[in-house]
Amino acid sequence: MIRELGPNDIVYLLEAARWTIALALIAMVAGGVLGLVVAVLRIVAFAPANWLAIGYINLVQGTPLLGQLFIFFFGLPLFGIQVGAWEAAALALSINASAFLGEIWRGSLQSVSPRQWEAGAALGLNYWQRLTSVILPQAVRISIAPTVGYLMQLVKDTSLTALIGFIELTRASQILSAATFKPLQVYGLAAIAYFVICFSLSRLSQHLEKRTHAAR
Amino acid sequence: MNYNFRFNALAPYTGEILRGIGLTLQLTCLTMAIALVVGLFVALARMSDNRLLSGAAATYVEAIRNTPLLVQLFIVFFGLPSIGIRLDAYTAAVIGLSINVGAYAGEILRAGIQSIRPSQVEAGRALGMTAGQTFRSVVLFPAVKAIYPALASQFVLLLLATSVVSSLGAGELFHQAAFIDSRTYRSFEAYALITLTYLILTLGFRALFALVYWLVFVRRSRA
């Protein structure tokens, strides 16, 4: 039955937006852990590890996220692992995020001048001390702005999980649009909700970037 | 694991896959061309002294960059008919993708235009170059060189992003996966094969773009 768009519907969309945020945060944390591994494998002085990381990054960045979602959604049950849309979405997004975060962090680590390593050695610091007290503090500071910027990308990416049937903001708008037959208003509301989340994150990223540059 | 992978079940659909590849490439090239034109206007508008014009361009860019492509496509395809604009899936896909990529292309082009300083043009003229030579060698060539890598990666991102328009039923490559899935019930095989096809396409284009960069920018500047 077709009904009017009411305040309850907006609450419904906002509740669904919680899943958008939850999914983005899970992918950020799980993808971040895996991304650290990718970044390290990509820069250690051991060629096969580098090739493995490069292959992984190319595989993930060279295929559509939508394809990755469907592969996990249909593929894991074949290995006897029963997954719903939620698990498949979280897994695919985490793996996708790990390749991008890995590259962001590799770039941050490599943007600290190699002379800093030499300077640390000249001061008599050992490898671990140089890494944790000289290189990492600078690399982390450089990486904060692009990492927050990527989180915004991740929020937008979660919209694709609607297509495997996970009920987040976009899927909820599809459902609501079918019930009220007001697609323009409903998708417009969804767009506004995404805008509020993403614009805050991109502003935060810009702010952090200015602060890191000011500190240098 | 007792599942028998049957990729040969997909063999009868080679024609559909090839047609999907063709449509994806067509969609990508057409969108990129329109987006570059849109992007040029956006870049010029953003740099304009007219605050209304630059404000409108900035609003457009922010609105697009902070919302997902899928929602933008839904607004164009499902939303616009309610105000009397009815589009078929392919047209809606081209329009939705062009509006989306136009915003990103606008930012890339703006960076390219701003990378050329007026003093460089003056230097070119001081060396005795004609206005045409100055434009070609001092303005256009370095600007294109500066934005080429960003545009090339934007093209590959667009190629991957076209998969999203399968949700409108535009008949491109990813849509064919859903079609084959519905005919064969070989969901995993269909999506895995189509996803790998994208990998081949993106790796191919990256190699092609790298080759063109080397031929046009590296070799020429060495000579």
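Just so we're clear, the structure is a prediction, and the values are computed from it rather than from any experiment. Below, read A as the first sequence line, B as the second, and so on, with proteins coming before strands; counting in each chain starts at 1.
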Engineer: Using side-chain heavy atoms (C-beta onward) and a distance below 4.5 Å, is A:Lys156 in contact with B:Thr67?
Structural biologist: no
Engineer: Checking A:Ser202 against chain B: side chain, backbone, both or neither under 4.5 Å from a heavy atom?
Structural biologist: side chain
Engineer: Taking atom CD of A:Gln61 and atom CG of B:Leu199, what is their separation to the nearest 0.5 Å?
Structural biologist: 11.5 Å
Engineer: Chain A heavy atoms under 4.5 Å from B:Ser82: which part of the residue, side chain, backbone, both or neither?
Structural biologist: side chain
Engineer: I'd like to check B:Arg65 versus A:Gln153 (side-chain heavy atoms, cut-off strictly below 4.5 Å). Are they in contact?
Structural biologist: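 Not in contact.
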Engineer: Please check if atom CG in B:Leu52 has more than 12 non-hydrogen atoms from other residues, nucleotides or ligands closer than 6.0 Å.
Structural biologist: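 Atom CG in B:Leu52 is not packed in, count stays at 12 or less.
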Engineer: What distance do A:Leu184 atom CG and B:Phe78 atom CZ have between them, rounded to the nearest 0.5 Å?
Structural biologist: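 Atom-to-atom, A:Leu184:CG and B:Phe78:CZ are 13.0 Å apart.
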Engineer: Heavy-atom pairs under 4.5 Å with chain A are the metric here; pick the option from B:Ile194, B:Val164, B:Leu80, B:Leu203 that has the most.
Structural biologist: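 Maximum pair count with chain A is reached by B:Val164.
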Engineer: What closest approach, in Å, do A:Ala191 and B:Ile75 show between heavy atoms, and which atom pair accounts for it?
Structural biologist: CB-CD1, 4.2 Å
Engineer: Under 6.0 Å between the ring centres of B:Phe174 and A:Phe70?
Structural biologist: yes
Engineer: Taking B:Leu159, B:Thr162, B:Val71 one by one, which has the highest count of heavy-atom pairs under 4.5 Å against chain A?
Structural biologist: B:Val71
Engineer: A quick test of your reading: do over 12 heavy atoms of other residues, nucleotides or ligands sit less than 6.0 Å from CZ of B:Phe41?
Structural biologist: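 Atom CZ in B:Phe41 is not packed in, count stays at 12 or less.
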Engineer: Identify which part of A:Leu163 has an atom lying under 4.5 Å from any heavy atom of chain B, answering side chain, backbone, both or neither.
Structural biologist: side chain
Engineer: For A:Gln174, is it the side chain, the backbone, both, or neither that has a heavy atom closer than 4.5 Å to a heavy atom of chain B?
Structural biologist: side chain
Engineer: Return a table of donor-acceptor pairs under 3.5 angstrom between the side chains of residues 72-90 of chain A and protein atoms on other chains or two or more places apart.
Structural biologist:
| residue | atom | partner | partner atom | Å |
| --- | --- | --- | --- | --- |
| A:Glu87 | OE1 | A:Gly84 | N | 2.8 |

Engineer: So what's closer than 4.5 Å to chain B heavy atoms on A:Asn58: side chain, backbone, both or neither?
Structural biologist: both
Engineer: Less than 4.5 Å apart, side chain to side chain, heavy atoms only: is that true for A:Ile71 and B:Thr195?
Structural biologist: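 Yes, close enough: below the 4.5 Å cut-off.
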Engineer: Output the option from B:Ala177, B:Ser166, B:Ser163, B:Ala190 having the highest count of non-hydrogen pairs under 4.5 Å with chain A.
Structural biologist: B:Ser163
Engineer: Pick one of side chain, backbone, both or neither for A:Leu59, based on which atoms fall under 4.5 Å of a heavy atom in chain B.
Structural biologist: both
Engineer: First locate atom CD1 of A:Ile197, then atom CG of B:Asn66, and finally report the distance between them rounded to the nearest 0.5 Å.
Structural biologist: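 If I round to the nearest 0.5 Å, the distance is 10.5 Å.
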Engineer: Looking at B:Glu62 and A:Phe195, what are the two nearest heavy atoms and their distance?
Structural biologist: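 Heavy atoms of B:Glu62 and A:Phe195 come nearest at O-CE1, 3.4 Å.
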Engineer: Which bit of B:Ile83 is near chain A, if near means a heavy-atom gap under 4.5 Å: side chain, backbone, both or neither?
Structural biologist: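 Interface part for B:Ile83: side chain.
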